Amino acid sequence: MEIENDLPKTFDPQSAQDKWYDVWMKAQSFKPRPGKQKQTFTVLMPPPNVTGKLHMGHALDATTQDALIRFKRMKGFETLWIPGTDHAGISTQAVVEKLIWKQEKKNRHDLGREEFLRRVWEWKEQYGLEIVNQQQKMGVSCDWDYSTFTLDEVPNKAVNKFFVMLFNEGLIYQSDYIVNWDPVLQSAISDAEVEHKDVKGFFYSIKYKVKEAPGTELIVATTRPETMYGDTAVAVNSDDERFKHLIGMTAIIPISNREVPIIGDEHVDIEKGTGCLKVTPGHDFNDFEIGKRHNLPIINILNKDGTFNKLAPEIEGMKPKEARAKIEQLLTELDALVEKKDHMNSVGHGQRSDEIIEPMVSKQWFMNTQSMSEEAVKAVENGEMTFYPKGWENTYFAWLRNPKDWCISRQLWWGHQIPVFYCKSCDAKWAAETNPSECIECKGKDFFQDPDVLDTWFSSGLWPLSTLGWPDKQAMEEKGFDKFYPNSTLITGFDIIFFWVARMMMMGMKATNKSPFAHTYIHAIVRDKQGRKMSKSLGNGIDPLDMVAQYGADAMRFTLAAGSGYNRDLNLDPERIEGYRNFVNKLWNAFRFVYPFLDKAKDDLPVKSEWHLHDKWILAELNSVAASMNKSMDQYRFDDACSDIYAFVYDKFCSWYIELSKNILYGEDEKAKVLRATMLRYCFKKIVTLLHPICPFLTEEIWSHLEGGKSLLITQEYVEFDPKLENAEVQEMMNKFIDVTTGIRNVRSAVNLKPKDEIDVRLFSDDKKLAKFIFESRHFLKDLANVKSGTIRNKGQERPKKSATFASTHTEIFVPLEGLIDINDQINRIKKDIEKTQVEYGKVESKLNNQNFMNNAPEEVRNEVREKASAAQEKLKSLNEILSSFQ
RNA sequence: GGGCGUUUAGCUCAGCUGGGAGAGCGCUACCCUUACAAGGUAGAUGUCGGGGGUUCGAUCCCCUCAACGCCCACCA
């Protein structure tokens, strides 16, 4: 029979995506609305870079956050999900500089600061929304009216207010200090932005003459001989018997023949290298500390671009690598090079530029984070903020318990300019929240603002505050600061726990005395199928938008949600997306089946007395899925939530309930038809409700057909656990019924019966309830296993001879097939089964015979083992009787 | 050097406070059966990384070794 159906045979994700996103936006479904929970639930989206293109990390961010926010919205929280974008100082500036160079062969200095910034803004207005469009393809349900850009007016106010506050407390200070200098960016960067990589290099031993002791030579070991122009001492350990008598004398640096003191310092390791250390306070972090202890002068031998300056005449203008070769040659000529051997060195590289970082002394702004770190640590220790999974707090603690002052100034133009002003008339230097009109000291008009901008993470650290209007009173009022701050949950990757989570905690608590959020859920990092990082150079990146185009956003989202959970890595195989696309389609087709019968369905569930056994069963199963999904979603176990609904849809609803419904729907009993249609409609409503947070488009599409467009699923109430629907007895019966059905199919398959071959089945069971259940469901066995006729009796009855058989613990199945089956084959099958069952029985029996087990194991466990033993025994008995029926 | 993590079916991973191991994908056989071949039915597969210990009992707890991965620090 062909059913009339105007629904497409496969689900079309693309049209559903565009249609429903548009509908939701128009209906303002993403806006916070008070609900039955009388509580708010706020999530702050990690702002992607304006220059960014959506990658898998963003897709995972979007999926988990959207699933959570949709779930909470349906639970009746007043939900707010705040989107935004980050100005991303360095990368944005680089992108625009590159573009201008390509088009006009001009660099930013040619244009001047004002014109350059105008160009960057222009670029941002034109291209900065690309990532937002891409996020919308994923179905994100954030309130776009809250969208904030980190350089907007309010974030700028936040930055200035916070800066001035700390400046006035002396926690932000300016200092000549050795910093990580990125020669490409020509800016200082923070410790956190330096990545160490192993680089092959050499270990050089160089002769230094001692002036006061002619003939004596110190052998100095170094990996960077080219920095000798910046040496201001040679250091040995004061306890080193070999050299301590030389302390106070003078060493002569080869090539330049400059004289430097020989000093004793505890930093020098007697065992390491030669025990003699060249001290270059201007270009080495340890040497800088030694220099401070001994009051050594600092010589800067590098230009801002990383080349050597005129203080290193022989290598002036060279890059370090070239300079090193030159120095090596000069030293060899002077016979000052004693040894050169291979050495692996861990060298700092810029996170953005990937260029070797040069330690260099310069005047920078720093933030003292000592006390803020302590507060941030305490908030996690005392549970004000909790990490999910909990293990990530270790990473957080490791960073915050060893705080270093944070270098916050960058020699860039694109960013929040440091709100510090210098008077040219007097020496005044002050911080101000708004541009001053005069010098605070001399009232003069001739002053200028610090040209540097702040580290991007400075404004990111204030993001939970500034997105809700802080510190602007009116904006805070409008955006509901008091209502939505602190946020509920932050979702992000572990790679930015230091950069972002820790900074938001420090800065948020400093500004408000409250942790900016209650939970931090750390999700996995998306990697390729083999567990490798996705990168441009490997070419192994998977573009989420390609996947969405190919399989649909729902399948993409389901895959990411199913792979997340508490993992550290999510190894993504596009085949998995295909698999879940099939799941999406499966549900769609289940709906296609039900759809033509919907006009018969009533709105409300019929009274319980009219429920069929199968109805009771599916409602009980549905109910337990609702219970576990609620629990899983609350714990950020999106993986568990996915496997729950997946298993329910496939293994309960489609495989059994729908199959069992066909007999009724195609039958003659009109009343039963109405009941079943009503039940199916009800189940579908619950299923799409449960699944909606993960697959919003498919579910909204199905909902529209179920409800005839009267309402939107996005704002429906989530399915809650209902104790009245529990029904363990029916579930047990149904499981046994499934056992029997599967057993019959098993027999059919074992004797190679074709699906078209009808069979006669003799069942034997002592379970009276089951017998009744099966009797009542006897018509369904025709559909499920092509059973034409059959009987069910207790095990006392005589078994038919020469049959294909199967035994479960509760039921024996006989399919008389005399002449059609190979008797020996059957006997072998049964013998094999007996062996297997005996092994099982042996295991449990030995436990029951073990006095220690019986004395120590809890009652519950003992009973369980007893039950297993008797079940195995019964099955053995059945098998043996079956066997004997063949002889 | 310090820390964290991982090691379970061919692949990707679950496995809650210890009671005898699961899913998806893949694979094999048979089926275009009237929602779905992006499908159905049936099926195979594991010394739960190695060794030791605690326990009546260990994939789970403890010790140890190994491999892999990540983070931090530092290397003259």
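Quantities reported herein were computed from a predicted structural model and do not represent experimental measurements. Below, chains carry the letters A, B, ... as their sequence lines are ordered, and counting in each starts from 1.
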Query - Rounded distance in Å between the P positions of C16(B) and G49(B) - result: 14 Å

Query - Pairing nucleotide - G39(B), Watson-Crick or G-U, each distance under 3.5 Å - result: C31(B)

Query raised in the report: Expressed in angstrom and rounded to an integer, what is the separation of H267(A) atom NE2 from A73(B) atom P?
Result: 16 Å

Requested in this report: Please state how far atom OH in Y841(A) lies from atom P in G20(B), giving the value in whole angstrom units.
Outcome: 17 Å

Query raised in the report: Contact class for T10(A) (heavy atom, under 4.0 Å): base, sugar-phosphate, or nothing?
Result: base

Requested in this report: Please determine if a side-chain N or O atom of Y666(A) lies less than 4.0 Å away from the OP1 or OP2 oxygen of A35(B).
Outcome: yes

Report task. Indicate yes or no: does R224(A) engage E226(A) in a salt bridge with an N to O separation below 4.0 Å. Result -> yes

Report task. Please evaluate the base of G20(B) for a donor-acceptor partner in the side chain of K847(A) within a cut-off of under 3.5 Å? Result -> yes

Report summary line: Checking C56(B), U41(B), C36(B) against the side chain of R592(A) (C-beta onward), the nearest is C36(B)

**Report entry** C1' gap between G22(B) and C56(B), integer Å
**Finding:** 26 Å

Query raised in the report: How close or far is atom P of C36(B) from atom CZ of F11(A), stated in whole angstroms?
Result: 17 Å

Query raised in the report: Taking the side chain of N585(A) as its heavy atoms from C-beta onward, which of C36(B), C30(B), C56(B) lies nearest to it?
Result: C36(B)

Requested in this report: To the nearest Å, give me how far apart CD1 (I522(A)) and P (G5(B)) are.
Outcome: 15 Å

**Report entry** Rounded distance in Å - OH (Y650(A)) to P (G39(B))
**Finding:** 5 Å

Query raised in the report: Please give, in whole Å, the distance from G24(B) P to L572(A) CG?
Result: 19 Å

Requested in this report: Examine G39(B): is either OP1 or OP2 under 4.0 Å from a nitrogen or oxygen in the side chain of N582(A)? Give yes or no.
Outcome: yes

Report summary line: Closest to the side chain of N746(A), out of C70(B), A42(B), C4(B), is A42(B)

Query - Over-ring placement of K340(A) relative to F202(A), 6.0 Å and 45° cut-offs - result: yes

Query raised in the report: Whole-Å distance between C70(B) P and L570(A) CG?
Result: 17 Å

Requested in this report: Measure the distance from CZ on F593(A) to C1' on G40(B) and round it to the nearest whole Å.
Outcome: 15 Å

Report task. Check every strand shown and say whether E393(A) touches a base, only sugar-phosphate, or nothing at a heavy-atom separation below 4.0 Å. Result -> nothing

Query - Between G51(B) and U7(B) - C1' atom distance, rounded Å - result: 16 Å

Query raised in the report: Between G43(B) and A23(B), how far is it from one P atom to the other, in whole Å?
Result: 12 Å

Query raised in the report: Say you pick atom C1' in A44(B) and the same atom in G52(B); how far apart are they, in whole Å?
Result: 35 Å

Requested in this report: For T223(A), answer base if it contacts any base atom (sugar-phosphate contacts may also be present), sugar-phosphate if it contacts only those atoms, and nothing otherwise; contact means non-hydrogen atoms under 4.0 Å.
Outcome: sugar-phosphate

Report task. Tell me which nucleotide among G20(B), A38(B), G19(B) gets nearest to the side chain of P858(A). Result -> G19(B)

Query raised in the report: Has Y646(A) got a side-chain N or O lying under 4.0 Å from the OP1 or OP2 atom of C25(B)?
Result: yes

Query - Distance test, side-chain N/O of K9(A) to OP1/OP2 of A37(B), below 4.0 Å - result: yes

Report task. Verify the contact: side-chain N or O of K586(A) to OP1 or OP2 of G39(B), cut-off strictly under 4.0 Å; return yes or no. Result -> no

Query raised in the report: Is the distance from OP1 or OP2 of C68(B) to the nearest side-chain N or O of R568(A) less than 4.0 Å?
Result: no

Requested in this report: For nucleotides G39(B) and U45(B), find the distance between their C1' atoms and express it as a whole number of Å.
Outcome: 24 Å

Requested in this report: For K782(A), answer base if it contacts any base atom (sugar-phosphate contacts may also be present), sugar-phosphate if it contacts only those atoms, and nothing otherwise; contact means non-hydrogen atoms under 4.0 Å.
Outcome: nothing

Report summary line: Winner on side-chain proximity to A590(A), out of U33(B), A35(B), C25(B), is A35(B)

Requested in this report: Decide whether a cation-pi geometry holds between R676(A) and F597(A); the criteria are a distance under 6.0 Å from NZ or CZ to the six-membered ring centre and an angle within 45° of the ring axis.
Outcome: no

Query - Donor-acceptor contact below 3.5 Å, side chain D265(A) vs main chain V268(A) - result: no

Requested in this report: Just compare G19(B), C25(B), C4(B) and give me whichever is closest to any side-chain atom of A857(A).
Outcome: G19(B)

Query - Over-ring placement of R401(A) relative to F397(A), 6.0 Å and 45° cut-offs - result: yes

Report summary line: Of the listed G20(B), G19(B), U12(B), the closest approach to the N571(A) side chain comes from U12(B)

Report summary line: Interatomic distance, OH@Y646(A) vs CD1@I694(A), rounded to 0.5 Å, equals 13.5 Å

Query - P-based separation of G19(B) from U59(B) [nearest Å] - result: 10 Å

Query raised in the report: Counting side-chain heavy atoms from CB outward, which of A35(B), G24(B), C30(B) is closest to R576(A)?
Result: G24(B)

Requested in this report: Pick the P atom in U17(B) and in G10(B), then give their distance to the nearest Å.
Outcome: 28 Å

Query raised in the report: Any chance the rings of F11(A) and W588(A) have centres within less than 6.0 Å?
Result: yes

Report task. Write down the partner of G22(B) under the Watson-Crick or G-U wobble criteria, each distance required to be under 3.5 Å. Result -> C13(B)

Report summary line: Which of A38(B), A42(B), C70(B) is nearest the side chain of R745(A)? It is A42(B)

Report task. Measure from the side chain of N850(A), starting at C-beta and using heavy atoms only, and say which of G24(B), C56(B), G20(B) lies closest. Result -> C56(B)

Requested in this report: In plain terms, say whether D783(A) and K662(A) are close enough for a salt bridge, that is, a side-chain N and a carboxylate O under 4.0 Å apart.
Outcome: no

